[in-house]
Participant: 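Here's a structure for you.
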Amino acid sequence: MIDIKLLRTDLQRVAAELKRKNFNLDSALFLALDQQRKDRQILTELLQAQKNKYAKEIGKLIQTARAEGTNIEEHTAKGEVLKKKLTASENSMVQIQNEMQEMLEDIPNIPHQTVPVGSNEADNLEISRYGEIPKLSFDPADHSDLGVKLSGIDFERAAKITGARFTYLSGTIAKLHRALSNFMLDVHTSEHNYKEVYVPFIVNRESLFGTGQLPKFEEDLFKLEDSREFYLIPTAEVPVTNIFRGEIIQELPIKLVSHTPCFRSEAGSHGKDTKGMIRQHQFDKVELVQFVEPQHSWSALEELTHHARSILQRLELPHRCIALCGGDLGFASAKTYDLEVWIPSQSKYREISSCSNFTDFQARRMKTRYRNLRTGNLDLVHTVNGSGLAVGRTLVAILENYQSKDGSITIPEVLRPLMNGLEKIK
RNA sequence: GGUGGGAUGGCAGAGCGGUUGAAUGCACCGGUCUUGAAAACCGGCAUAGGUUAGUAGCCUAUCUAGGGUUCGAAUCCCUAUCCCACCGCCA
């Protein structure tokens, strides 16, 4: 949620900045609603003040009336009339406040000045590249063919067990998958100073509201058949960020890392990436989350992106970093870097991590604050997060980039200690 | 699943129909004292919204959340959520 004060003081500027995100702010509607809100609030508070004053006065009158045994009805009757007027006024105020709240909840975060201008994916800006694209003497096989041949990936069985867009891994490939998440966790905890957390994979509505998935993006989520409105997490960002919902953090920064499965309905992506394990309903991800003071969130984004990249570097996977343009930016993000890894079978870079600064957008929805020692105020924290990395796609990248002509896979050096020294999967 | 007990400011913890936005302690901030520090003492210290030129004053809301009773609710009643204890069941 953006700050409503910003809309009140600088409506035209905010509207212009949101345009860069392809969002049309209905300024006229906002002004009209806010004026109505103001009128109704002033009236309501006036009536409340009257009621409070009257209740105080009448208390004494009633007490003396009772002591003297006289009638108290003339006193209470006036209170009743006041109360009726007040209730009506309160209702109309609450109604308009709810309308404004709904409007506010649907407004995306304001993009940072450094976000490239553009309306879609094509306008994203490449920031840097790393690694040589491997020149193979043969046509690279795709990861699903490789995995199936090695008897380590079986999509048919996954489809039998559940359905499309699920994966069944076995043997060395399953172990490699586990080694990857362990490797990532180890690097981030022991070298980048993140604290490992294990969190629920089912969350409630409030948590999804806090990070911005709800109410706007319900169709992307798997919802449980349960009166408590539970959902499977689409990313660890949701449970991890919400650890501090409604809390006042004593000491910043806080850096957390968590390995979780992620569940996405992939509604609206029919026909996209139907082969292989690029786009699944369930995948593992190691997520980095930072809670920082506002003045540090931009450097935190650079740092966190660097932490995610270091995994790709250690695995020696060719990749690039791009800055998403305004039109491609997520709802809650003020700026996002995507890390894309080279996928030989597609001759393309594909997203493997997304690192964003949400500024105070999520913190405002979550009411996560800290004590600003300079001003003495309670201020909203900033949240920054990113994948470090998507485990399933990392497995894909390794299978494809480390393949040999005979279909065997060389295991990256850094993973061998986690694979009992194994060098090659045949 | 059953039965009890809870949820109050940054934290701990009083209050249990009107004078309580809320005692007290801790923490924090300012001051006195001191060569300096500690201790002691004095003072300050909730959040959000409205009004306003105003971080001044005034007004409103907020004691887990939502309903209700009452002229008046932190305080009484109902519901939900979470926590704690004991019993039953169980990875």
Side-chain angles (χ1 to χ4, degrees), chain A residues 1-10 30-31 33-68 70-105 198-210 214 224 226-231 239 242-252 254 291 293 360 363-381:
Chain A
M1 225 155 41
I2 64 170
D3 190 352
I4 194 166
K5 281 185 218 152
L6 226 48
L7 292 174
R8 290 192 180 130
T9 55
D10 219 352
F30 175 81
L31 287 172
L33 284 175
D34 200 36
Q35 188 55 51
Q36 279 188 67
R37 185 222 97 237
K38 206 181 219 179
D39 295 344
R40 294 182 195 187
Q41 184 169 345
I42 289 169
L43 177 63
T44 301
E45 292 188 355
L46 187 79
L47 290 169
Q48 282 170 332
Q50 279 178 21
K51 186 200 82 171
N52 288 344
K53 197 168 159 226
Y54 186 70
K56 249 176 211 168
E57 286 169 1
I58 217 61
K60 284 172 198 138
L61 291 177
I62 288 173
Q63 276 165 2
T64 46
R66 280 199 181 123
E68 291 165 5
T70 52
N71 209 330
I72 60 167
E73 264 163 39
E74 61 170 303
H75 301 307
T76 57
K78 194 177 160 195
E80 294 282 7
V81 173
L82 256 175
K83 200 161 88 171
K84 256 192 197 138
K85 271 167 81 176
L86 175 60
T87 306
S89 180
E90 272 174 344
N91 288 343
S92 90
M93 177 183 74
V94 166
Q95 189 207 325
I96 200 93
Q97 279 176 342
N98 289 343
E99 270 179 61
M100 290 200 76
Q101 184 63 22
E102 276 171 36
M103 183 180 183
L104 205 62
E105 283 171 8
Y198 172 83
V199 293
F201 304 156
I202 293 173
V203 292
N204 59 31
R205 217 163 205 289
E206 289 72 30
S207 292
L208 287 156
F209 176 82
L214 287 181
L224 266 55
D226 187 292
S227 62
R228 289 171 292 189
E229 299 220 71
F230 283 166
Y231 297 79
N242 276 279
I243 289 171
F244 296 107
R245 171 152 50 84
E247 294 195 27
I248 288 148
I249 297 178
Q250 295 304 324
E251 209 174 330
L252 294 170
I254 292 174
F291 301 83
E293 289 185 51
D360 61 9
R364 184 169 293 105
R365 293 167 87 96
M366 293 192 303
K367 296 187 172 64
T368 300
R369 297 172 297 174
Y370 76 105
R371 179 71 65 183
N372 184 331
L373 292 176
R374 277 190 53 209
T375 62
N377 296 332
L378 287 176
D379 290 342
L380 295 167
V381 303

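Numbered from 1 within each chain, the chains take letters A, B, ... in sequence-line order.
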Participant: Tell me which nucleotide, if any, is Watson-Crick or G-U wobble paired with U24(B) when both distances must be under 3.5 Å.
Facilitator: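 In the structure as shown, U24(B) has A12(B) as its Watson-Crick or wobble partner.
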
Participant: What does A37(B) pair with, Watson-Crick or G-U, if both distances are under 3.5 Å?
Facilitator: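 Result: none.
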
Participant: Output the rounded distance in Å from CD1 (Ile96(A)) to C1' (G50(B)).
Facilitator: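 Rounding to the nearest Å, CD1 of Ile96(A) and C1' of G50(B) are 16 Å apart.
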
Participant: Using atom CZ of Arg228(A) as one end and atom P of U81(B) as the other, report the distance to the nearest whole Å.
Facilitator: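 Result: 8 Å.
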
Participant: Out of G49(B), C71(B), G10(B), which has the shortest distance to the side chain of Gln41(A)?
Facilitator: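 Per side-chain heavy atoms of Gln41(A), the pick is G49(B).
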
Participant: Go ahead and name the base partner of C71(B); Watson-Crick or wobble counts if both distances stay under 3.5 Å, otherwise write none.
Facilitator: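 Its partner is G18(B) (Watson-Crick or G-U wobble, both distances under 3.5 Å).
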
Participant: Closest approach to the side chain of Ala55(A), judged atom by atom: which nucleotide of U51(B), G49(B), C71(B) is it?
Facilitator: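 Minimum distance to the Ala55(A) side chain belongs to C71(B).
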
Participant: Would you mind telling me which of G50(B), G49(B), U47(B) lies closest to the side-chain atoms of Lys5(A)?
Facilitator: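 Ranking G50(B), G49(B), U47(B) by closest atom to the Lys5(A) side chain puts G49(B) first.
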
Participant: For Glu247(A) and A7(B), what is the distance between atoms CD and P respectively, to the nearest whole Å?
Facilitator: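 Taking atom P of A7(B) as the reference, CD of Glu247(A) is at 19 Å.
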
Participant: State the pairing partner of A46(B); accept Watson-Crick or G-U wobble contacts with both distances under 3.5 Å, and report none otherwise.
Facilitator: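 When the pairing criteria are applied, U62(B) turns out to be the nucleotide that pairs with A46(B).
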
Participant: Is G57(B) paired to anything, Watson-Crick or G-U wobble with both distances less than 3.5 Å, and if yes, which nucleotide?
Facilitator: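 Because both required distances fall under 3.5 Å, G57(B) counts as paired with U51(B).
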
Participant: Counting any heavy atom closer than 4.0 Å, what does Lys51(A) reach on the DNA or RNA strands: base, sugar-phosphate only, or nothing?
Facilitator: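 No contact.
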
Participant: Which is it for Thr44(A) and Leu86(A) under the side chain to side chain contact (heavy atoms under 4.5 Å, CB included) test, yes or no, and what are the steps along the way?
Facilitator: CA-CA 6 Å; Thr44(A) 301; Leu86(A) 175 60; 4.2 Å; yes

Participant: Does Lys367(A) put a side-chain nitrogen or oxygen below 4.0 Å from OP1 or OP2 of A48(B)?
Facilitator: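 For Lys367(A), the contact criterion (side-chain N or O under 4.0 Å from OP1 or OP2 of A48(B)) is not met.
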
Participant: What distance, rounded to whole Å, do you find between the two P atoms, one in A46(B) and one in C11(B)?
Facilitator: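 Approximately 14 Å lies between the P atom of A46(B) and that of C11(B).
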
Participant: Roughly, in whole Å, what's the span from CG in Leu47(A) to P in G50(B)?
Facilitator: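 Result: 18 Å.
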
Participant: Which residue lies toward the 5' end of RNA chain B, Glu90(A) or Arg371(A), if each is placed at its nearest nucleotide?
Facilitator: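 Nearest nucleotide further toward 5': that of Arg371(A).
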
Participant: Rounded to whole Å, please give me the gap between CG in Leu43(A) and P in U51(B).
Facilitator: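 About 14 Å, once rounded to whole Å.
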
Participant: Scan Leu378(A) against the nucleic acid and name what it touches under 4.0 Å (heavy atoms): base, sugar-phosphate only, or nothing.
Facilitator: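 Sugar-phosphate only.
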
Participant: Say we look at G17(B) and A73(B): how far apart would their P atoms be, to the nearest angstrom?
Facilitator: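 My reading of the P atoms in G17(B) and A73(B) gives 14 Å.
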
Participant: Measure from CD on Gln101(A) to P on G49(B) and round the result to the nearest Å.
Facilitator: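 Going from CD in Gln101(A) over to P in G49(B) covers 12 Å.
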
Participant: Would you indicate, yes or no, if G18(B) has its OP1 or OP2 atom less than 4.0 angstrom from a side-chain nitrogen or oxygen of Asn52(A)?
Facilitator: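 Negative; the distance criterion is not met.
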
Participant: Mind calculating the distance between OH (Tyr54(A)) and P (C59(B)) to the nearest angstrom?
Facilitator: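 Rounding to the nearest Å, OH of Tyr54(A) and P of C59(B) are 20 Å apart.
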
Participant: Distance between the C1' atoms of C33(B) and U51(B), in whole angstroms?
Facilitator: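 Straight-line distance between the two C1' atoms is 45 Å.
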
Participant: Between the side chains of Glu102(A) and Asn98(A), is a donor N or O closer than 3.5 angstrom to an acceptor N or O?
Facilitator: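 There is no such pair (donor and acceptor under 3.5 Å, judged by atom type) between the side chains of Glu102(A) and Asn98(A).
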
Participant: If only atom types and distance count, is the side chain of Arg37(A) paired as donor or acceptor with the main-chain N or O of Gln97(A) below 3.5 Å?
Facilitator: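 Answer holds: no.
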
Participant: Considering only atom C1', compute the distance from U8(B) to A74(B) and round it to an integer number of Å.
Facilitator: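 Each nucleotide's C1' atom is 7 Å from the other's.
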
Participant: Would you kindly give the CG-to-C1' distance between Asp3(A) and G49(B), to the nearest whole Å?
Facilitator: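 Rounding to the nearest Å, CG of Asp3(A) and C1' of G49(B) are 13 Å apart.
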
Participant: Taking the side chain of Ile42(A) as heavy atoms from C-beta outward, which of U47(B), C59(B), U51(B) is closest to it?
Facilitator: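 Of U47(B), C59(B), U51(B), U51(B) is nearest to the side chain of Ile42(A).
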
Participant: Could you measure between the two P atoms, the one in G18(B) and the one in G4(B), and give it in whole Å?
Facilitator: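 It comes out at 29 Å once rounded to the nearest Å.
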
Participant: Are any non-hydrogen side-chain atoms of Gln36(A) and Glu99(A) less than 4.5 angstrom apart?
Facilitator: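 When only atoms from C-beta onward are counted, Glu99(A) and Gln36(A) do not touch, as no gap falls below 4.5 Å.
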
Participant: Is there a donor in the side chain of Glu105(A) and an acceptor in the side chain of Gln101(A), or the other way round, less than 3.5 Å apart?
Facilitator: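 On atom types as modelled, these side chains qualify, holding a pair under 3.5 Å.
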
Participant: What is the pairing partner of G1(B), taking Watson-Crick or G-U wobble pairs with both distances under 3.5 Å in any strand?
Facilitator: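 G1(B) is paired with C87(B).
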
Participant: Side chain of Arg369(A) only, heavy atoms from C-beta on: which candidate in A48(B), G50(B), C71(B) is closest?
Facilitator: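 Taking heavy atoms from C-beta onward, the closest nucleotide is A48(B).
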
Participant: Report yes if a side-chain nitrogen or oxygen of Arg8(A) is closer than 4.0 Å to either non-bridging phosphate oxygen (OP1 or OP2) of G50(B); otherwise report no.
Facilitator: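 So the side chain of Arg8(A) is within the cut-off, an N or O lying under 4.0 Å from OP1 or OP2 of G50(B).
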
Participant: For the P atoms, the ones on C26(B) and on U64(B), what distance do you get once it is rounded to whole angstrom?
Facilitator: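 About 25 Å, rounded to a whole number of Å.
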
Participant: Quick check: closest heavy atoms across Val381(A) and Arg369(A), and the distance to 0.1 Å?
Facilitator: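 Where Val381(A) meets Arg369(A) most closely, the heavy atoms are CG1-C, 3.9 Å.
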
Participant: Between Leu380(A) and Asp3(A), does the side chain to side chain contact (heavy atoms under 4.5 Å, CB included) criterion hold? Intermediate values first, please.
Facilitator: CA-CA 11 Å; Leu380(A) 295 167; Asp3(A) 190 352; over 6 Å; no

Participant: Work out which heavy atom in Met366(A) is nearest to a heavy atom in Asn242(A); give both atom names and the distance.
Facilitator: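 In this case the closest contact between Met366(A) and Asn242(A) is SD-OD1, 3.6 Å.
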
Participant: When the C1' atoms of U62(B) and U75(B) are considered, how many whole Å apart are they?
Facilitator: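 These two C1' atoms come out 16 Å apart once rounded.
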
Participant: Among the candidates U60(B), G50(B), C71(B), find the nucleotide nearest to the side-chain atoms of Arg37(A).
Facilitator: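 Minimum distance to the Arg37(A) side chain belongs to G50(B).
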
Participant: I'd like the C1' distance from U69(B) over to C78(B), given in whole Å.
Facilitator: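 Per the computed distance, 10 Å lies between those C1' atoms.
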
